[in-house]
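One structure is given here, and the rest of the page talks about it.
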Amino acid sequence: MYSRKEIWGISLPILVSLFVQNLINITDTAFMGRVGQIELGASALAGVLYLAFYMVTFGFSTGAQILMARRNGEGKYNSLGPIMGQGTLFLTLFSVALIVASLLWTPQLLKLLISSPAVCQAGEDYMKYRIFGLLFTSIGIMFRAFFVAITRTRVLMVNAVIMTVANILFNYIFVFGNFGAPAMGIAGAAIGSVLAEATAALHFFLYTLFCIDRQKYQLSRFRFEGLGLIREILNVSVWSMILYFLTIGTWFLFFVAVEHLGELPLAISNIIRSTSTLLFMPVNAFGATACTLVSNAMGAHRADDVIPIIRRIIKMCYAIVLPLIALLCLIPQIILLIYTNDSALIASCIPSVYVMSAYYLLALPGNILFQSVSGTGDTRTAFFIEMVTIVFYTLAIYWIIEFNRVDIAFCWSVEYLYWGFKLVLSFLFFKKANWKAKKI
């Protein structure tokens with residue numbers, strides 16, 4: 001079974017890369033918090049909408065990662081390059097289709113759902129530039145899937161640092177208009193993020209070109225080889241693609257419902273969303289580690305090690321997250337200063353910080369168990385778990401926020417239901433299902 005040192009050796013680079021990558025979200029929120037409440041709220045809505053598009057492509061890369069990790073565990077190293085190559089080609093073309101769809105339909109969607117004309121216009125200004133980032137992230141996430149699958153994750157840290165530094169620089173230039181550039185506000189934040197993602201994709205490409213044994217993994221085969229391999233990847237990933245889109249799409253509905261409460265609650269929610277990344281990053285990092293280690297263990301015919309691996313990862317993750325929850329609850333004012341220097345807005349955010357922090361006690365085991373379900377290769381069951389959870393989550397959004405129009409802090413209580421359902425259903429999968437016999 002994987003030791004704590006081995007688990008940590010894989011998780012730490014992913015955690016650091018997620019931390020630095022999420023600094024893009026933190027940076028954008030911090031810049032918008034100093035532009036205005038309308039821009040702060042609009043960046044939340046448009047940002048989550050972009051995330052819904054992004055997560056479709058991420059779902060495909062998750063399927064490719066599971067497949068590459070399984071082949072890596074089986075010792076079939078020369079199979080990884082073709083999976084990587086065909087996956088990248090497919091995802092690049094798919095992202096172009098999503099960009100076109102967004103340019104055509106996003107303005108109408110925002111006008112339909114958002115009640116504030118000012119927030120709607122700011123959201124359109126953000127998305128018409130931000131959506132082009134999909135072209136670069138689709139390449140970057142395939143490289144990320146490859147490095148996670150072969151458990152060579154240190155490069156993710158370097159890549160994330162490069163992307164974050166680039167994002168801060170480009171935001172500084174385009175949001176406020178420095179170095180002779182025009183001051184573009186929220187549109188400048190979108191352009192900065194796109195350029196940062198392009199820089200990160202270039203780094204992954206150059207690192208692979210000069211630092212990876214391309215012959216071992218057959219990474220030189222970046223050409224179309226028919227639909228067979230793409231179909232094999234889609235057979236694993238299609239459920240994840242739909243799943244991730246629906247998950248983030250439902251989260252978008254949460255922010256739409258909050259926007260109907262007013263511009264101030266929407267601005268508060270964007271700050272809380274960004275603050276929650278402090279806790280979500282280790283939860284997500286250990287979840288990704290669980291997914292790839294479960295897949296590797298299954299590929300090496302060590303299915304009996306899966307449950308002990310999951311249990312050990314959950315304990316290690318709690319050791320990281322519990323001190324962060326305590327820190328966030330003890331000094332919320334100091335942390336919120338990152339996003340705004342408006343003392344009244346900070347005071348309004350604090351109750352939501354407490355509600356948000358506590359639900360991670362459920363989210364931590366829920367996410368790791370759920371990612372492990374996908375790691376077994378049974379992405380169809382993972383899709384079913386997510387769909388059941390989404391149905392109740394959507395009903396909760398309507399009842400608590402739209403119908404009862406509660407205080408913004410109580411709006412975040414819907415997350416307890418979401419993670420509670422996901423935790424219970426994932427636990428039942430490992431308890432009752434015949435997952436040890438799953439082959440991909």
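- For the pair Phe210 and Leu206, the minimum side-chain heavy-atom distance is below 4.5 Å.
- For the ring pair (Phe, Tyr, Trp, His ring centres under 6.0 Å) test, no residue two or more places apart in sequence or in another chain qualifies with Tyr50.
- Between Phe430 and Trp435, the ring-plane angle classifies as perpendicular under the 30° and 60° cut-offs.
- Enclosure of atom CZ in Phe384 is not indicated, since only 12 or fewer non-hydrogen atoms of other residues, nucleotides or ligands lie within 6.0 angstrom.
- Contact check on Glu232 versus Arg71 returns a salt bridge, with a Lys/Arg side-chain nitrogen under 4.0 Å from an Asp/Glu carboxylate oxygen.
- A search for salt bridge (Lys or Arg N to Asp or Glu O under 4.0 Å) contacts involving Glu259 returns nothing, not counting sequence neighbours.
- Other residues, nucleotides and ligands contribute at most 12 non-hydrogen atoms within 6.0 Å of the OH atom of Tyr398.
- Residue Phe252 qualifies as enclosed at atom CZ: its count of foreign heavy atoms under 6.0 Å is above 12.
- Under the ring pair (Phe, Tyr, Trp, His ring centres under 6.0 Å) criterion, Phe383 pairs with Trp239, not counting sequence neighbours.
- In terms of modelled atom types and a separation under 3.5 Å, the side chain of Glu402 and the main chain of Trp399 share no donor-acceptor contact.
- With sequence neighbours excluded, the residues forming a salt bridge (Lys or Arg N to Asp or Glu O under 4.0 Å) with Glu124 are Lys111, listed by chain and number.
- Few gaps surround CZ on Phe429; more than 12 heavy atoms of other groups in view lie less than 6.0 Å from it.
- Every residue was checked against the ring pair (Phe, Tyr, Trp, His ring centres under 6.0 Å) condition with Phe427, not counting sequence neighbours, and none meets it.
- Scored by the ring pair (Phe, Tyr, Trp, His ring centres under 6.0 Å) test, Phe392 finds Phe421 as partners (sequence neighbours excluded).
- Outside the 6.0 Å centre-distance limit, the rings of Phe60 and Phe94 are not counted as a close aromatic pair.
- Classification of the Phe204-Phe143 ring pair by plane angle, with boundaries at 30° and 60°, yields parallel.
- When side chains are defined from C-beta on, Phe280 does not count as touching Val321, because their heavy atoms never get closer than 4.5 Å.
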